[in-house]
Amino acid sequence: MSEHDPKSQSSQTIDVLLEEDRTFEPSAQFKSQANIADPGIYEKARKDPENFWASFAEELHWYRKWDKVLEWNPPYAKWFVGGKINACYNCVDRHVKNGLRNKAALIWQGEPGEKRTLTYWDLYREVNKFANALKGLGVVKGDRVAIYLPMIPELVISLLACARIGAVHSVVFAGFSPEALADRIKDAKAKVLITADGGYRRGSIIPLKHDADYALMDTPSIEHVVIVKRGEFMLRVKEGRDHWYHRLMQEAANYCEPEPMDAEDMLYILYTSGTTGKPKGIIHTTGGYLVGTYATSKWVFDLKPQDVFWCTADIGWVTGHSYLVYGPLANGATQVMYEGAPDWPDRDRFWSIIEEYGVTVFYTAPTAIRAFMRWGDKEPAKHDLSSLRLLGTVGEPINPEAWMWYHRNIGREKCPIVDTWWQTETGSILITPLPGITKTKPGSATVPFPGIEAEIFTDKGERVEVGGGYLALTRPWPAMLRGIYGDPERYKAQYWTKWKGDLYFTGDGAKRDTEGYFWILGRVDDVINIAGHRVSTMEVESAFVDHPDVVETAVVGIADELKGQAIAAFVTLREGVELDHGLENRLKDHVVRKIGALARPKQILFTAELPKTRSGKIMRRLLRDIASGQVPGDTSTLADPSVVEQLKRRYEED
Ligand code: PRX
């Protein structure tokens with residue numbers, strides 16, 4: 001944190017602000033049909049946030065109503081205290097009972113071309129049976145279940161089946177390496193792993209079970225493994241431990257009574273990168289999380305019974321948890337779920353899916369939008385996208401040009417765009433336009449959702465009315481994280497100690513303009529946001545140093561046209577190691593093996609020394625300057641300032 005220089009970021013953003021004066025009002029037509037169109041809602045929610053959130057909770061099914069909406073003992077919040085609820089019941093049974101049993105819940109598109117549609121009744125049937133199958137393997141309330149699956153309907157079914165019986169799911173993105181999977185299984189002490197024989201991505205097969213077998217060599221807590229059969233992929237089955245999903249389902253009974261969960265019982269753990277050490281297991285609980293995702297899905301995406309919603313995120317990330325599983329399903333929505341890559345087999349795959357299924361609300365990431373821009377206007381122009389009525393983005397700041405491209409080429413200048421800011425930790429969208437109310441500005445996530453209070457503070461904790469600083473949340477919200485699994489100290493240190501006064505520190509820099517609009521600047525800590533996914537510099541450094549040829553390394557984020565940010569690494573080799581031609585690629589491959597393909601470094605600069613302070617701390621700020629071709633800032637605190645000069649020269653030569 002302290003190494004970061006917020007000044008350089010703020011001045012960049014002032015430039016952006018000066019250039020950006022386009023605004024877009026919601027159309028009269030959109031307003032007239034919006035789920036919420038009364039601007040008075042902001043003031044109403046501000047005056048009585050507890051009642052505001054409770055009004056959404058009233059729309060859900062509770063076995064027992066809460067006694068108290070909020071109990072706030074900073075930094076721990078309890079929402080809907082005393083309430084009993086089941087998330088799966090609310091996402092499935094409630095709709096089956098309320099006349100939606102034959103409505104499509106999931107329209108699934110496999111990458112190679114298969115299609116499957118699951119109605120709410122189908123989902124109900126599958127989830128009940130799989131919940132029984134899990135019980136049959138000895139899974140009980142509170143047990144952790146790790147899930148390592150491709151984007152297939154069984155992934156949604158697995159989450160809901162866990163929620164039904166009160167097991168805590170811990171989804172690990174299928175693009176993560178076996179080692180990353182093993183770390184997460186061990187940290188959560190998961191009892192069961194649900195995986196698949198394989199999955200498809202850009203035409204190739206991801207051998208998930210094969211990879212999981214590596215992880216399973218080092219995960220003593222796992223008693224059983226369930227394997228979903230996705231294709232005809234080779235694998236080893238370990239008798240007694242490994243079970244085929246379809247076999248378990250053949251034997252499972254049709255109905256499984258949902259477990260009435262305390263509102264504050266854990267729903268899931270999801271690992272995300274932090275500034276130091278290993279990934280953090282972010283804890284989400286049941287009642288507040290469901291209320292938060294339900295409310296935001298309803299108002300931000302303006303979901304209607306006839307909508308076809310498509311969130312392109314993988315369920316391996318929080319966006320998929322909140323806006324593919326819990327939020328939209330709690331609303332009884334119809335959704336598209338797509339297994340594969342946007343450019344497979346062709347670069348118009350997304351647009352062809354939108355046309356084919358008549359998608360009405362589309363939610364994707366800036367990194368994808370930048371790729372679409374690069375592939376050209378002609379790709380979306382090949383398709384009839386007139387079903388679309390609302391667009392969203394999430395994951396990283398969207399530059400105004402990408403916003404405008406999205407507006408023109410996908411929204412055809414008639415769809416509002418909701419740029420939604422939130423985090424794994426926040427559980428639900430917090431800063432966002434409401435499409436029937438908010439005037440949008442390209443590049444701004446606009447204003448906090450009703451009931452949410454965000455502020456900007458300086459390092460010292462002075463409030464910034466207009467201008468740049470650190471983004472903070474000043475009031476608890478229902479879907480907020482409840483802690484870091486197994487590490488309460490880290491929870492406090494990471495989020496609650498930057499300033500006095502129970503303020504949540506987001507780790508993001510932001511600016512507020514004269515109209516009170518927020519412009520998110522990105523991370524201010526040592527987290528690199530690659531294509532909307534957080535990767536910690538620490539983890540990448542550990543992966544490098546794990547290689548026998550490396551003694552020391554420092555990793556920084558550099559701007560990347562497509563992915564937002566990419567990894568640049570400064571590496572010091574062990575003495576005597578020859579810098580041969582293939583070493584750079586071998587090191588990159590090593591990092592990929594340790595973490596996963598998304599962490600592949602873009603560039604490596606070999607150096608005999610890294611710039612350090614007299615106390616031995618690596619000055620990443622200077623490395624960032626060098627890697628991004630800027631003039632390095634103040635070097636006066638360095639033990640040896642000449643290191644920076646040498647590095648800069650080397651960098652320019654490279
Ligand atoms: O830096 C912000 C950026 O993504 C971070 C959260 O990452 P993660 O926990 O992986 O969750 C991503 C999906 C919710 C934030 O701290 N971020 C997310 N949304 C936006 C954003 N930055 C700017 N604008 C956004 N809309």
Side-chain angles (χ1 to χ4, degrees), residues 1 4 9 13 16 171 173 175-176 269-275 279-284 289 292-293 296-297 300 311-324 326-327 363-370 391-400 402-403 406 417-433 438 440-449 452 454 470-473 479-481 484 494-495 504-511 517-536 539 557 563-565 598-599:
M1 264 299 331
H4 178 76
Q9 284 220 357
T13 315
V16 173
V171 180
F173 173 54
F176 275 132
I269 303 170
L270 183 61
Y271 287 84
T272 187
S273 293
T275 45
K280 303 174 287 191
I282 301 300
I283 295 172
H284 284 292
Y289 176 79
T293 54
T296 46
S297 297
V300 176
C311 164
T312 65
D314 193 290
I315 296 174
W317 311 107
V318 75
T319 307
H321 282 63
S322 297
Y323 299 107
L324 205 164
Y326 293 106
Y363 190 35
T364 195
T367 184
I369 298 169
R370 286 192 296 268
L391 305 175
T393 84
V394 61
E396 52 178 316
I398 180 165
N399 41 313
W403 195 103
Y406 197 31
I417 296 179
V418 287
D419 174 356
T420 63
W421 176 88
W422 59 295
Q423 309 178 298
T424 305
E425 292 87 341
T426 71
S428 63
I429 293 168
L430 297 193
I431 302 182
T432 176
T438 317
T440 54
K441 304 182 186 185
S444 169
T446 74
V447 295
F449 189 83
I452 302 297
Y470 301 107
L471 182 65
L473 301 164
M480 68 194 280
L481 77 167
I484 295 176
Q494 179 86 47
Y495 305 109
Y504 172 91
F505 173 51
T506 62
D508 280 346
K511 274 190 73 77
Y517 275 50
F518 287 82
W519 301 72
I520 312 295
L521 306 174
R523 305 292 302 181
V524 294
D525 51 20
D526 290 328
V527 171
I528 306 176
N529 191 326
I530 303 169
H533 303 308
R534 281 154 62 176
V535 175
S536 114
E539 268 184 284
K563 296 182 172 173
Q565 280 195 298
L598 91 145

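Whatever order the structure lists ligands and atoms in, that order sets their numbers, starting from 1.
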side-chain contact (heavy atoms from CB on, under 4.5 Å) with L481: which of I282, T424, I283?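 With L481 as partner, I282, T424, I283 yield a single side-chain contact (heavy atoms from CB on, under 4.5 Å), made by I282.
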With a 4.0 angstrom cut-off on heavy atoms, strictly below it, pick out the residues next to ligand 1 and order them by chain and number.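 Residues within 4.0 Å of ligand 1: V318, T319, V394, G395, E396, P397, D419, T420, W421, W422, Q423, T424, D508, I520, R523, N529, R534.
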Quick one about T420 and Y363 (side-chain donor to acceptor, distance below 3.5 Å, no hydrogens or angles considered), yes or no?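 T420 and Y363 do have a side-chain donor-acceptor pair below 3.5 Å.
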Any donor-acceptor N or O pair under 3.5 Å, side chains T426, Y504: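 The answer is no; no qualifying pair exists.
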Locate the shortest heavy-atom distance separating S322 from G427; write the atom from each residue and the value.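 Scanning both residues completely, I find the closest heavy atoms to be OG-O, 2.7 Å.
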Greater than 12 external heavy atoms within 6.0 Å of K563's NZ: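 Check fails, neighbour count at 12 or below.
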In terms of relative ring orientation, are H284 and Y289 parallel, tilted or perpendicular, with 30° and 60° separating the classes?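 Judged by the thresholds at 30° and 60°, the geometry between H284 and Y289 is tilted.
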